[in-house]
Structures are given as C-alpha cells and as structure tokens.
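The structure under discussion appears below in the form of structure tokens.
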Amino acid sequence: MEARGADPWLGVHVLTEFVFCPRAGLCMYETPEEDSGEEILPPSLDYMPRYDLRQIEDALEDVKRRLRERLLVAMGIGAATAVLAWIVDPEVVWLGMVGLVVVGWRLPALLKRAVILAWRQRRCLLAQPREPDPDSQEIQPVDWWELLHADFRSVPYKDSLVDENWRLAGRPWRVLRRGGQRIPVFRKRRGDARIRQQHLVRMVAYCHLLCVAEAAESPFGVVLFGDSYEGVAIPNSPGLRKVFHDALVEARSVVQRAQEGDKPSPPENQAQCGGCPLGKPFVYRPGITEYKLGHETLAPDTRFGEDGRCYHSHCGDRYGWIPRHKKAVDKGLRA
Ligand code: SF4
C-alpha cells in the first residue's frame, strides 16, 4: 500500500468521492478543500451547543440569567406603573404596558432556548455508559452521550492526520479518546441515516490514520446522524480495510491516468448523476460561473434548456458531456 514516486497525495474526503464516482473523485482532487470530517450541513442560525455538556450548561446559565434580568425589569416597570397610576394619572397604565411589551418581546425565544438546552442537558445526564462491542464485525447503533459516559473524551482536531508513506491525509470531525484508543467521528447531514460504501471507506481510513499518526488502537469509527445524538459504529474490520485499500489503489490509478490525458468513465450506475451536485446545471454567467482547474478556467460546456437559457455544470465542463442530473432532465438539456 505504500505510495510510489508518481502516486498522488489524497485527502480522505477526496478518496470517498472516488468511491462514489471516479469523475467526482477527480473533480474533488483537482479542486482540493480541507477535510472537515462532516458533510455540508445547513447553517445554524441560532447556535446552541449540542455535543459538549459544559458548553450546554454555560449556555443554559446564560439564558437563565437573561430571563431573571427581564423578569426583574418587568416587575420594576409593573410596580412603578402601579404607583404612578395611583398617584399621578391612571392613563400611565398604557405607558407601563408598552414597557412590558418591549421587555417581554424576546421572552418566547429565550424560553424556547432554555427548554431546548435543558432537554439536551437532561439527555446527557440520564445516559448510561455503553459502547459498541469492539470485536464485532457488524455495524452497531451508538449514542453520543452513552459513549462519553463510557469515559471517552471528545477532542476536536485542528490539523489533519497524515500518513506520509501512503500519502493520505484527513481530519475527522472529532476524535474520542480513552487511554490508547482513538475513535474517529464523522457527522452526516440531517435526515439521511443511510450508510453507503463511501462512509465505510472514510471511517476505516480515519482509523488507519489514527493508528499511524498516534500509534493508537482504533477498533471502530462513529458516524453521527445530522444534529442528533444517534449514530452507528463502523468496525475497522479486515473486510472493510480491504475495501479501503482497493479504493485507495484505484483512486491513485485514476489520478495517474488522468495526468496522462485519460478521462475516467462515468459511474456504472448513472442514476447517481441524478442528485450529484457536480452534475447539477446552473445558468451560465460569463466570468462568474466558470469552474477553475488549478489556475486554469475551464471552458464551459453550455447547452440551451427548453426555457431558452444557457446551462452548464462542473462535471459537464470537466468531461464535455451532459450528466443526467434531475435538473438537466427537467430543463430538457441534451447533448
Ligand atoms: S454527475 Fe455523474 S459522472 Fe459527474 S461526478 Fe456526478 S455522479 Fe459522477
């Protein structure tokens, strides 16, 4: 498995794209991004800690403090209004009510935040220690808090793990540490609990990097589902290690062949193109939507849709074809 002279450096996330489709893998290899150990998740507009008990408790204390302050101000306004209405003019009551509305404006949002944080805190505190069987070859369900109660400590990594000999690098979302054990954690997007081949390869690749970089034992990796505490443990089994090794060898070979001018074939199952972001056509805007290949800008491979607009896609530009993406079919794009 050691890399030889012409073998490329590969990121774990790039390797998983090769597992999905050789064309996607090459596109990702040519437009490298750092591995973040999680799928692209929708931005959280109301950030609340979820996976760290101390952060949850700090945030809960902060919300409680703000609620107390608002309550005190509301009581002050109520008392002052009552006194002024009695001494000066009963019409002052209206002024007091305006003040109470202003103070209470954000109250429902704060209460909602407090309830959510309290639920997360309770979820953590009620969990019992439990961990997957490290000798099992099966995929097993896991719970984030149960793992942490089993004495694992969650550590975010800033830098990628690297295996110089295999020319492989990657960074899990978190690493669970306990003694000499290191468990990589990957986070999938919300609402999709399917485990595909690329997730298996990813987790075994992270386990390999942890074994090499930290001389650790890494018997399984954890895939968490979206913004939940549920996930599965993927065993670092001999069978899955073989799948990972084969994927790495194949990815190296696709990159080398591409460097000699040989385009990879589309995936055997072209239904994959239907939802692939690289095959999704966009309206062509000169100077804005072209894709870059290193310092070179790819000439767009544009087609007109039935709506009369001109479309192109990353995969289409790179390989000179029209992937059968759902939107391409809807728009009536043809070769
Ligand atoms: S559009 Fe199809 S061929 Fe292109 S990268 Fe996606 S899955 Fe592969």
Side-chain angles (χ1 to χ4, degrees), residues 8-36 38-42 170 186 188-189 191-202 205 223 243-244 246-285 288-294 296-307 309-335:
W9 270 94
L10 290 170
V12 171
H13 62 303
V14 174
L15 177 64
T16 62
E17 291 294 333
F18 275 107
V19 174
F20 169 66
C21 160
R23 288 191 166 184
L26 192 59
C27 284
M28 297 308 285
Y29 173 76
E30 291 167 342
T31 49
E33 289 170 10
E34 208 190 333
D35 189 6
S36 64
E38 57 186 344
E39 287 179 348
I40 297 166
L41 303 169
F186 172 70
K188 264 172 74 60
R189 73 171 70 92
D192 183 5
R194 284 169 294 181
I195 295 294
R196 299 195 170 90
Q197 189 85 335
Q198 50 267 44
H199 301 118
L200 306 177
V201 168
R202 179 186 283 271
V223 177
V243 175
F244 156 52
D246 290 349
L248 185 56
V249 169
E250 178 59 20
R252 287 171 178 168
S253 143
V254 172
V255 172
Q256 282 179 9
R257 290 203 302 271
Q259 284 164 351
E260 290 158 11
D262 190 6
K263 281 185 206 167
S265 311
E268 280 176 24
N269 175 13
Q270 285 196 26
Q272 286 182 201
C273 302
C276 173
L278 296 172
K280 183 174 182 180
F282 290 94
V283 173
Y284 174 46
R285 293 195 179 82
I288 298 173
T289 59
E290 290 93 347
Y291 291 100
K292 296 249 189 298
L293 189 57
E296 184 196 339
T297 302
L298 289 181
D301 191 307
T302 55
R303 308 292 153 107
F304 281 95
E306 285 168 356
D307 58 3
R309 303 174 89 184
C310 189
Y311 291 90
H312 72 130
S313 68
H314 187 164
C315 181
D317 294 354
R318 177 65 182 84
Y319 302 108
W321 74 313
I322 301 292
R324 283 191 65 77
H325 190 278
K326 278 184 275 186
K327 187 173 171 188
V329 175
D330 289 350
K331 297 290 174 188
L333 306 189
R334 287 192 196 88

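Everything numeric here is computed off the predicted structure, so don't read it as measured data. Ligands are counted one by one from 1 in listed order, and the atoms in each one are counted from 1 as well. All heavy atoms count here, side chains included; hydrogens, waters and symmetry mates do not.
- Listing protein N, O or S atoms at distances below 2.8 Å from atom 2 (Fe) of ligand 1, with waters left out, gives Cys273 SG.
- No side-chain donor-acceptor contact under 3.5 Å links His312 and Asp301.
- Within the model, atoms NE2 of His314 and CE of Met28 stand 8.5 Å from one another, a figure rounded to the nearest 0.5 Å.
- For Arg309, there are no salt bridge (charged side-chain N to carboxylate O under 4.0 Å, His left out) partners at least two apart in sequence or on another chain.
- Sorted by first and then second residue, the salt bridge (Lys or Arg N to Asp or Glu O under 4.0 Å) pairs with a member in residues 320-331 read Asp307-Lys331; sequence neighbours excluded.
- Because its NZ or CZ atom is not both nearer than 6.0 Å to the ring centre of Tyr311 and within 45° of the ring axis, Arg303 does not count as a cation-pi partner of that residue.
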Which atom pairs, donor and acceptor, lie under 3.5 Å between side-chain atoms of residues 265-284 and protein residues at least two apart or in another chain?
from: Asn269; atom 1: OD1; to: Ala271; atom 2: N; distance (Å): 3.0
from: Gln272; atom 1: NE2; to: Phe20; atom 2: O; distance (Å): 2.7
from: Tyr284; atom 1: OH; to: Glu290; atom 2: OE2; distance (Å): 3.0

